[in-house]
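Shown next, in structure tokens, is the structure this report addresses.
Every value quoted in this text rests on a predicted model; they were computed, and no experiment measured them.
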Amino acid sequence: MRIALILLGVAAALIAPFFVYPVLLMTILCFVVFATSFNLLLGYVGLLCFGQAMFLGLSAYVTGHILKTTDLSLEIAILAGALVSAVLGAFVGFVAVRRSGIQFAMITFAFAQFVYFLLLRSEFTGGENGMQGIPRSELFGIFDVSDTLTFYYVILGMTALAILLAYRVIHSPYGEILKAIRDNEPRVESLGFKPERFKILAMSISAGIAGFAGGMKAAVYGFATLTDVSWTVSGEVILMTLLGGLGTLTGPMVGAGIVIVMNDELAQFGEWALIAQGIILILVILFFRRGVVGEAGAFFRRRQARAKDAPAGKPREAE
Amino acid sequence: MANTTGPDYALEARGIGKQFGSFWAVKDVHLRIPRGSIHALIGPNGAGKTTCFNLLTKTLQPSTGQIILNGEDISGLRTSDVAKRGMVRSFQISAIFADMTVLENVRVALQSAHGRAFRFLSPISSIRGLDTRARELLADVGLADAETAKAADLSYGKKRALEIATTLALDPQVMLLDEPTAGMGHEDIEPITQLIRKVSAGRTIVIVEHNLSVVSTLSDRITVLQAGQVLMEGTYPEVSADERVIAAYMGGVEDAH
């Protein structure tokens, strides 16, 4: 059942560019990776980072700068961006991770605003105008990826790699400790672990994946702007994750798809797009706490449980 | 003079105190817990039992005094360091990992002793080797048939048993149990008391407990706290006959009989 769904998803992703505008699809994929990075923190460690955009945006600029000023190949530029974000993530984690809940959120927010203004003032970013004309270097230094359809499959492959990495982390010995920290941090400490070390590493991995998404995005559009670092993007990724389903691997992917398509469809209505987002967020929090994927999963489990109970109930009736 | 602890005391408190603002929740408490004994901390509500317990486990840092574990001063260490030195605490509210399975709960604790906790690129199968030991521990506490259950779905008594199995995974020399029977019905209290008795073999146990019948069954010696200070220390018969203790409880001792 699960394998069938995964295969269906992969098949849909492979044929999608023949039916949907590839740039929209690539935008969705970038945000799928971005939301996955956010979910790793909130869904599996219980850390609400309200500044995730700093990792996305910083890496977009770093990747763009490398592509503009050097001959390095595409994947190296993106990985370099991701690495810079991972280092920033470790640093923010080092400072913020001893606090939890709203304090943690506010510290990460403050860092994100700091990064925003730093990038606004920096020479190399182009300030208000953003960084324009980022070239799309060859992949591995040999493959030309300037064709949009070809590049879609490159981005799809990168997305798959990022999700596999997140999957590996979640289902690793280390991931077990993360889930334990989410469930009961004092208990983890009492068992001889130092929780903050696990959280700092989680921040760094999450920031690295977010940075990977930022690098992908810069390569897709050929420009990087301050929007990618702004707090609205940090908020949007929260919406994506909650809408899709927190703490499920597929939830944030679905959420990212829904929000990007919705933004695209509602763009013509201007401010109304934001109002629609707000209303949807309120509805999800009030009625669909588990998000789209979470609610669907719960629905199937209930049906399975009923199917299992039914035969077991018969002997009792016979008595 | 330099080494008054000797090997006979597993845990010792020398004049520990904790100040919150201008209020001393615990003041000048001395304890000596002989190796291999079960020692209870009792006292009426607000006597400072829990604060004292949290100081011993290093959940709180003492304002004054020293805590000595196996002859080593642990006053400046934190809970995780103390755990690595063989002293592990439990919690009043069952400290389990609710969203994980019973087996995973115990395996997390085993990861602490066996390292591998930072391997974020290895598959889960790389720690399957710990499952055997985890199953042994679950069998010891009577949870052998529940390993695939979600910890949140266990009954209250079984959650307690799981917590004890998780604590035992670290093979601690000293176990500190914070009200292990709190909130339990009669049918659960007896098995947990038996279990604590069983796991106490070869270990030193400090227990904070309200239920005086559990205290009388289990403990070798009892320290009675009142208003943050030690009122007296002795065996159960000595303590329960003491007029100051009876006065402190104001009839609470009778209730427990």
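Neither the backbone nor the side chain of B/L130 comes within contact range of chain A; no heavy atom of the residue lies under 4.5 Å from a heavy atom of that chain. Contacts of B/T167 with chain A are made by both backbone and side-chain atoms, with heavy-atom separations under 4.5 Å. Both the backbone and the side chain of B/S122 have a heavy atom closer than 4.5 Å to some heavy atom of chain A. Heavy atoms of B/R107 lying under 4.5 Å from chain A belong exclusively to its side chain. A/I181 does not touch chain B: none of its heavy atoms, backbone or side chain, sits under 4.5 Å away. Of the two parts of B/T59, neither the backbone nor the side chain holds a non-hydrogen atom closer than 4.5 Å to a non-hydrogen atom of chain A. The parts of B/I124 that come within reach of chain A are both its backbone and its side chain, each placing non-hydrogen atoms under 4.5 angstrom from that chain. Residue B/F91 touches chain A through its side chain alone, counting heavy-atom pairs closer than 4.5 Å.
Separation of atoms CD (A/Q52) and OG (A/S85) is listed at 9.5 Å; rounding is to 0.5 Å. One distance of note links NE2 of B/H39 with CG of B/L11; it measures 9.5 Å at 0.5 Å rounding. Note that CD of B/E179 is 5.5 Å distant from OG1 of B/T50, once rounded to the nearest 0.5 Å. Atom OG of B/S112 and atom CZ of A/F193 lie 4.0 Å apart (nearest 0.5 Å). We find the NE2-CZ distance between B/H114 and B/R133 to be 8.5 Å, quoted to the nearest 0.5 Å.
A salt bridge links B/D131 with B/R128; the closest basic N to acidic carboxylate O contact falls under 4.0 Å. Checked for salt-bridge contact, B/R89 and B/D178 meet the test: a charged N lies under 4.0 Å from a carboxylate O.
Ranked by non-hydrogen atom pairs under 4.5 Å with chain B, the options A/I170, A/L201, A/I177 are led by A/I177. Among B/K84, B/M100, B/E104, the residue with the largest count of heavy-atom pairs under 4.5 Å with chain A is B/M100. In terms of heavy-atom pairs under 4.5 Å with chain B, the best-connected choice from A/R197, A/E189, A/K194 is A/E189.
The aromatic rings of A/F111 and A/F91 sit perpendicular, their planes meeting at an angle over 60°, well past the 30° parallel limit.
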